[in-house]
There are 2 protein chains.
Amino acid sequence: MTADSGPSRPVTTLEKAVEIVELLKGEDELELRDMTTELPYAKSTIHRHLETLIDTGYVLRTERGYRLSLKTLDVGIQTRRNHALYSVAKERVDTLAKETGEKVWCVIEENGMAVPIYGHSGENTVQSNVSVGEHVPMHQMAAGKAILAYLPDDRVESIIEQHSLAKVTENTISDPETLYEELSRIREKEVAFNREESGYRLHGAGTAVRNEEDVAIGAISVSGPARRLQGELFSEELPRQLLEIASDIEIDLLYS
Amino acid sequence: MTADSGPSRPVTTLEKAVEIVELLKGEDELELRDMTTELPYAKSTIHRHLETLIDTGYVLRTERGYRLSLKTLDVGIQTRRNHALYSVAKERVDTLAKETGEKVWCVIEENGMAVPIYGHSGENTVQSNVSVGEHVPMHQMAAGKAILAYLPDDRVESIIEQHSLAKVTENTISDPETLYEELSRIREKEVAFNREESGYRLHGAGTAVRNEEDVAIGAISVSGPARRLQGELFSEELPRQLLEIASDIEIDLLYS
DNA sequence: TAAATGTATTCGAGCCATTCGAACAGAAGG
DNA sequence: CCTTCTGTTCGAATGGCTCGAATACATTTA
């Protein structure tokens, strides 16, 4: 464990509030009672926290409980908008989705996790296994692997260490050695592939978007049914389109 | 002032944390120094809060400061997904945007404010003056007025009292009497119109989505350039489409 | 290179706010 | 009407938050 174990003197009151918010996040609404059973704090303590959260506008009182307000959505959307990659990638993602007919994602890395910050569906898009804002293990996505391929070695190591390589399908890379080989293969072609590694019947391809130092700041990926994403389209056509869009975005980022 | 002035004994530590988050929300990134000048707390206090927020994953340390992480986006998106209206309205909004070629919104009310929770652009959509998650005064939007028209009188009164009727253009309704007249007119036609009331050159039309007790739980609206949204299309065709979609959504909500 | 300036981070001590538990109120159900 | 369950209020105590000062670190200036 080389990872930092956090601040020496955390603000425990704030930690409690975060626990409450994360509890509410999972459910449509919760009663005070439910929270007292889930959290090791006195009923009155949680109640007072909730009152404060209501006062600040982040929690709403419903007929039979409490839920998070859409002020959380406002914060999230603003945070996304503040990302350099988002604004320049958005329209290009849209057009690529139209061209390919498949789901196109813009993904960034955060705390060692892959986070889709924007997605656009094409004409034929099927239900996908990720959604905006979700934090997904890097090695399970084409975009995540593409980013890993262009991160400093020590970062890659610490990410693997921190969140081990969980298997979700037969094809998921769960061995560090295999992953390292995969990453150098990705660097060769500049494209990462996902062949049913995140879910059955689903394929994906992604390319990193890099800064002036050649370090990944995100990735663009296309995902869809394995049945459609195969053959030359998958291994040649899509990569070409992805490399083009990534290059365009890189240029936009440099000169804006 | 009939509004509650908040809890008698708020958790001030939590309030401080919220202030920090809201400060970060506005900017791409902030240094600790900036925050000490903006907030009346000791440098070490803010520092300790930030450390805790980093530990929980909601704040990231950048090269030269701090910013909110995309965990906030995750929370916001989840909150939206938990909304009953969102999931049923989404696809219908998409199709209406395709049909009309204009921007279509799904809006709900929260704390007396109109909040667009989902928007889909059509073929000809122009840049709009609101975005997802933003909290907008009810009287400035077609959707907001449509919702107000189907809220209990006392709620409407308290909303007007709480957030007064700010003018943003010549046409914005800023007088309560005029607004009440407008609301009864909306109830007659079941459709609300916005004629350059939220921004110049922009028109909009919206209809409320109501529950079994005929109380608004949200609204669907179409907005676009005044030049296009006019004449019979604006006053007849769009309202017909909106009423249909709203009715469909109401049925979906009742039987699901 | 060193000094100087401006940051961030650590730490001790005091005191205030948080926390708890218990008591109260209010709703729901039998 | 009583019982049970959930939410709300309140006093007291103590433990954690806050502050300010001191330290460490980075960046600029002479």
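All chains are named by letter (A, B, ...) in the order of the sequence lines, taking the proteins before the strands, and each is independently numbered beginning at 1. Everything quoted here is computed from the prediction, not taken from an experiment.
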How would you summarise protein contacts on nucleotides 23-30 of chain C per nucleotide, using B for base, S for sugar-phosphate only and - for none, with heavy-atom distances below 4.0 Å? --------
Report the distance from atom CD of Glu51(B) to atom P of dT9(C), rounded to the nearest whole Å. 6 Å
Qualifying ring-ring contact (aromatic ring centres under 6.0 Å, His included) pairs with a residue from residues 45-79 of chain A, counting only residues at least two apart or across chains: none
Enumerate the residues from residues 29-39 of chain A whose closest heavy atom to DNA chain D is under 4.0 Å, giving them by residue number; use none for an empty result. Glu31(A), Leu32(A), Arg33(A)
For Asp214(A), what residues pass the side-chain hydrogen bond (donor to acceptor under 3.5 Å, both in side chains) criterion, not counting sequence neighbours? Arg210(A)
Are Cys106(B) and Leu85(B) packed together at the side-chain level, in the sense that at least one heavy-atom pair is separated by less than 4.5 angstrom? yes
With Tyr150(B) via ring-ring contact (aromatic ring centres under 6.0 Å, His included) - residues at least two apart: none
From OH of Tyr66(A) over to P of dT6(D), roughly how many Å is that when rounded to an integer? 13 Å
Are His47(B) and dA8(C) close enough that a side-chain N or O sits under 4.0 Å from OP1 or OP2? no
According to salt bridge (Lys or Arg N to Asp or Glu O under 4.0 Å), does anything in residues 106-119 of chain B pair up with another residue at least two apart or in another chain? List the pairs. Glu109(B)-Arg155(B)
Base, sugar-phosphate, or nothing for Arg61(A), non-hydrogen atoms under 4.0 angstrom? sugar-phosphate
Side chain to side chain contact (heavy atoms under 4.5 Å, CB included) filter on Ala84(B), not counting sequence neighbours, yields Leu253(B)
Does Lys145(A) reach the main-chain N or O of Leu179(A) with its side chain, forming a donor-acceptor pair under 3.5 Å? no
Reading nucleotides 10-18 of chain D 5' to 3', which nucleotides get B (base under 4.0 Å from a protein heavy atom), which S (sugar-phosphate only), which -? BBB---SBB
Rounded to whole Å, please give me the gap between CG in Leu50(A) and P in dT8(D). 9 Å
Residues passing the salt bridge (Lys or Arg N to Asp or Glu O under 4.0 Å) test with Lys25(A), sequence neighbours excluded, are Asp74(B)
Results of ring-ring contact (aromatic ring centres under 6.0 Å, His included) for Tyr41(A) - residues two or more places apart only: none
Would you say Leu165(A) and Pro137(A) make side-chain contact, with heavy atoms under 4.5 Å? no
Axis-to-axis angle across the helix from dT1(C)-dA30(D) to dA23(C)-dT8(D), five pairs an end, to 10 degrees? 40°
Does any N or O in the side chain of Asn111(B) come within less than 3.5 Å of the main-chain N or O of Met113(B), such that one atom is a donor and the other an acceptor? no
Can a donor-acceptor pair be found, under 3.5 Å and without considering hydrogens, that links the side chain of His135(A) to the backbone of Gly112(A)? no
Would you mind reading off the distance between Ile54(B) atom CD1 and dA8(C) atom P, rounded to a whole angstrom? 12 Å
Applying side-chain hydrogen bond (donor to acceptor under 3.5 Å, both in side chains) to Ser131(A) and not counting sequence neighbours gives Glu134(A)
Could you tell me how far apart Glu15(B) (CD) and dA17(C) (P) are, to the nearest whole angstrom? 11 Å
